[in-house]
Structure formats: structure tokens, C-alpha cells
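Worksheet: one structure, shown below.
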Amino acid sequence: MTVPRTDLAAVLAKTPLLSTLSPPELQSLSARTVRKLFSAGELIFSEGEPCNGLHIIARGKVRIFKTSVSGREQVLALNGPGESVAELPVFDGGPFPASAMAVDDTEMAFISRRDFQAYCMEHPEVSLKVLSVVGERLRRLVGIIEELSFTTIRQRLISVLVKLAQSEGKAIPQGIEFLLPATHQELANQLGTVRELISRNLMRLQAEGLIEVEARRIVVKDVRGLSAQLETT
């Protein structure tokens with residue numbers, strides 16, 4: 001099936017990095033931008049590969065992750081439309097610091113490293129935006145390090161459940177109902193553990209009467225009580 005052509009200038013306009021550019025400037029940059037399509041589960045780039053340019057998500061979702069020698073995966077971020085991916089190596093000349101994979105069928109707007117650097121020289125405000133985005137990503141990574149270093153798997157899981165209940169939950173007579181947005185394995189990858197420990201901790205929370213679990217369906221019986229567990233576990 002043919003995928004409809006995307007207006008690349010419109011994609012660039014929705015990207016925080018390029019939000020200060022005028023329509024003519026966006027049109028000029030879009031002329032140097034190419035479209036790349038990736039199927040769900042397809043690798044976009046691998047950690048350690050030379051960085052050849054800037055990727056901006058036009059459609060779909062991308063998982064950024066690192067893999068240990070033993071094959072265990074740690075998810076660093078899930079990025080969606082309008083977000084740029086791996087900005088830092090575009091400037092420092094180093095390889096990609098992590099791998100990226102399409103979660104859904106994904107369309108990327110791609111600008112070569114040389115073209116993007118040249119554009120930043122012409123438009124210094126874009127470089128300042130890059131610094132802002134990189135700084136935000138650094139803060140997020142520091143947060144991940146703090147969680148992995150100073151919290152238990154149970155605490156990290158409870159924190160995710162509370163956030164999902166507050167942001168995605170629907171009130172039903174038994175409590176707050178929502179669907180886990182990922183499988184137990186994917187959740188384990190995000191929380192820096194293994195699938196078995198995610199399943200085991202969900203069963204323990206259910207046995208304690210805090211939640212009900214049915215595959216990916218979760219019912220939090222008492223959000224306040226579950227949140228209180230973060231201070232006692």
C-alpha cells in the first residue's frame with residue numbers, strides 16, 4: 001500500500017528545535033530533508049554506528065534503548081511525532097550513544113549532518129534550541145539513573161501504576177481501571193529489570209488487595225493507598 005506523501009515543512013514546523021523558523025526558512029530546510037519509512041520493530045540505527053544526520057519523527061513512535069552484554073535492554077525514552085532523536089552526535093561527531101527502534105510503523109524526516117550543521121550556522125537560534133532539548137534529555141537520564149540506583153523494583157512499578165491511574169484511568173465501582181500500555185517484558189525494559197519480577201510484583205500487589213490484574217488490565221482499588229506504599233517500601 002502506498003503511504004501518502006507527508007508535508008515535510010509542516011513536520012519541521014511542529015518540531016520544538018525548529019519552531020522559531022519562518023515559513024520560507026522551513027520550506028528551504030525541507031528541501032534538504034528526506035523521508036524515511038520504518039516498519040514496526042525495525043531498527044532505525046544501532047548504538048555505536050556513525051551518526052549521519054538528524055532524525056525527526058513525523059508519524060509513529062520510536063524506542064530509544066541500550067543493550068547490555070548479556071542482552072538485557074534498558075529503555076531510555078519513547079519518542080513520538082514532532083520529537084527529534086539523537087541530536088548530540090550530530091554536533092560532536094561521535095557515534096550514536098544508544099539504539100533506536102520503531103515501535104509502530106514510523107515515518108521519519110531526515111536531515112544530513114552536514115546540512116543541519118550548515119543550517120545551524122545560518123540560524124544560531126536553532127543551536128540554542130538543540131542545547132535546550134539536550135539539557136532536558138540529560139535531566140531525564142539523571143532521573144533514570146537515580147531511580148535505578150536508589151529505588152526498588154516494587155517502588156518503580158508502583159510509581160508507574162500510580163501515574164497511569166492518574167493520567168489514563170477510568171473510574172469504575174472497584175476503583176480506577178486502565179490498560180498497561182506495554183507488555184510485561186516491555187515494562188521490565190523500561191524499569192531496568194526482567195519480566196518475571198514485574199509479573200511477581202504485580203501478583204504480590206494483587207495479593208495485598210491493592211490492585212486487580214487481568215493480563216494488561218489493571219484496577220487500582222485505592223490510588224492514595226498505593227501511593228503511600230512508595231514511602232514504606
Side-chain angles (χ1 to χ4, degrees), residues 1-67 73-91 94-120 122-123 125-127 129-134 136-137 140-141 167-168 179-183 185-187 189-190:
M1 190 170 97
T2 303
V3 178
R5 300 295 298 181
T6 298
D7 182 348
L8 293 177
V11 172
L12 300 181
K14 295 177 182 177
T15 303
L17 285 183
L18 307 171
S19 60
T20 58
L21 299 183
S22 67
E25 289 169 334
L26 288 168
Q27 287 293 341
S28 173
L29 185 58
S30 68
R32 311 183 205 181
T33 305
V34 298
R35 183 176 78 146
K36 291 187 175 184
L37 299 176
F38 299 90
S39 300
E42 185 175 354
L43 200 62
I44 297 169
F45 54 76
S46 295
E47 178 181 353
E49 286 182 358
C51 175
N52 52 0
L54 181 71
H55 295 77
I56 297 171
I57 304 170
R59 174 175 55 85
K61 188 176 291 184
V62 173
R63 183 170 80 252
I64 310 298
F65 63 96
K66 291 183 75 72
T67 306
E73 183 181 298
Q74 173 64 54
V75 174
L76 303 178
L78 287 172
N79 293 341
E83 293 189 273
S84 51
V85 178
E87 306 85 3
L88 189 58
V90 173
F91 290 92
F96 288 115
S99 301
M101 180 177 287
V103 177
D104 312 313
D105 289 344
T106 297
E107 181 177 5
M108 306 286 277
F110 175 79
I111 308 170
S112 74
R113 183 166 170 258
R114 183 176 62 182
D115 281 344
F116 191 65
Q117 285 183 342
Y119 212 77
C120 285
E122 299 168 9
H123 301 84
E125 69 274 17
V126 174
S127 298
K129 286 278 188 177
V130 171
L131 285 175
S132 175
V133 168
V134 170
E136 182 183 341
R137 299 264 165 88
R140 187 188 305 166
L141 290 176
S167 63
E168 308 290 338
L179 289 178
L180 288 175
T183 64
Q185 181 61 60
E186 292 166 331
L187 193 56
N189 293 341
Q190 292 178 38

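Hydrogens, waters and symmetry mates are skipped; everything else that's a heavy atom, side chains included, is used.
Once rounded to the nearest 0.5 Å, the distance linking OG of Ser112 with OH of Tyr119 reads 13.5 Å. To the nearest 0.5 angstrom, Leu29 atom CG is 4.0 Å from Ile111 atom CD1. Atom CD1 of residue Ile57 and atom CD1 of residue Ile44 lie 7.0 Å apart, to the nearest 0.5 angstrom. The OG1 atom of Thr33 lies 4.5 Å from the CG atom of Leu12; values are rounded to the nearest 0.5 Å. Separating the NZ atom in Lys129 from the OG atom in Ser84 is a distance of 11.0 Å, to the nearest 0.5 Å. Note that CD of Gln117 is 9.5 Å distant from OG of Ser127, once rounded to the nearest 0.5 Å.
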### Message
side-chain contact (heavy atoms from CB on, under 4.5 Å), that's the test. Do Leu17 and Leu54 meet it? Break it down for me.
### Response
CA-CA 11 Å; Leu17 285 183; Leu54 181 71; 4.1 Å; yes
### Task
Run the numbers on Ile56 and Leu18 for side-chain contact (heavy atoms from CB on, under 4.5 Å), then give the verdict.
CA-CA 11 Å; Ile56 297 171; Leu18 307 171; 4.2 Å; yes
### Full working for side-chain contact (heavy atoms from CB on, under 4.5 Å) between Gln27 and Leu21
CA-CA 10 Å; Gln27 287 293 341; Leu21 299 183; over 6 Å; no
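What you find for Ala109 and Leu8 is that their closest heavy atoms are CB-CD2, 4.0 Å. The shortest non-hydrogen separation linking Leu76 to Ala98 is CD1-CB, 4.0 Å. Considering every non-hydrogen atom in both Leu26 and Ala13, the closest pair reads CD1-CB, 3.5 Å. When all heavy atoms of Pro89 and Pro95 are compared, the closest pair comes out as CB-O, 3.7 Å. Across all non-hydrogen atoms, the minimal contact from Gln190 to Ala182 is NE2-CB, 4.2 Å. Of all the heavy atoms in Phe65 and Met101, the pair that sits closest is CE2-CB, 3.8 Å.
Side chain of Ser46 to main chain of Glu49: no donor-acceptor pair is present (N/O by atom type, distance under 3.5 Å, no hydrogens or angles). Within the 3.5 Å criterion, the main-chain N or O of Ala40 finds a donor-acceptor partner in the side chain of Asp105. The backbone N or O of Glu186 lies less than 3.5 Å from a partner atom in the side chain of Thr183, making a donor-acceptor pair. Remark: the backbone N or O of Ala58 is not paired with any side-chain donor or acceptor of Lys14 at under 3.5 angstrom. When atom types are taken as modelled, the side chain of Arg113 and the backbone of Asn52 share no donor-acceptor pair closer than 3.5 angstrom. Side chain of Asp7 to backbone of Ala9: a donor-acceptor contact under 3.5 angstrom is found.
At least one side-chain heavy atom of Val62 sits less than 4.5 Å from a side-chain heavy atom of Met108. Side chains of Thr67 and Glu47 form no contact here, defined as non-hydrogen atoms less than 4.5 Å apart. Side-chain atoms of Glu83 and Leu78, non-hydrogen and from C-beta on, never get closer than 4.5 Å to each other. Side-chain contact between Glu73 and Arg63 is present, with at least one heavy-atom pair separated by less than 4.5 Å.
Phe45 and Phe96 have parallel rings, their planes meeting at less than 30° on a 0 to 90° scale where 60° marks the start of perpendicular.
A 6.0 Å sphere centred on CD of Glu136 holds no more than 12 heavy atoms belonging to other residues, nucleotides or ligands.
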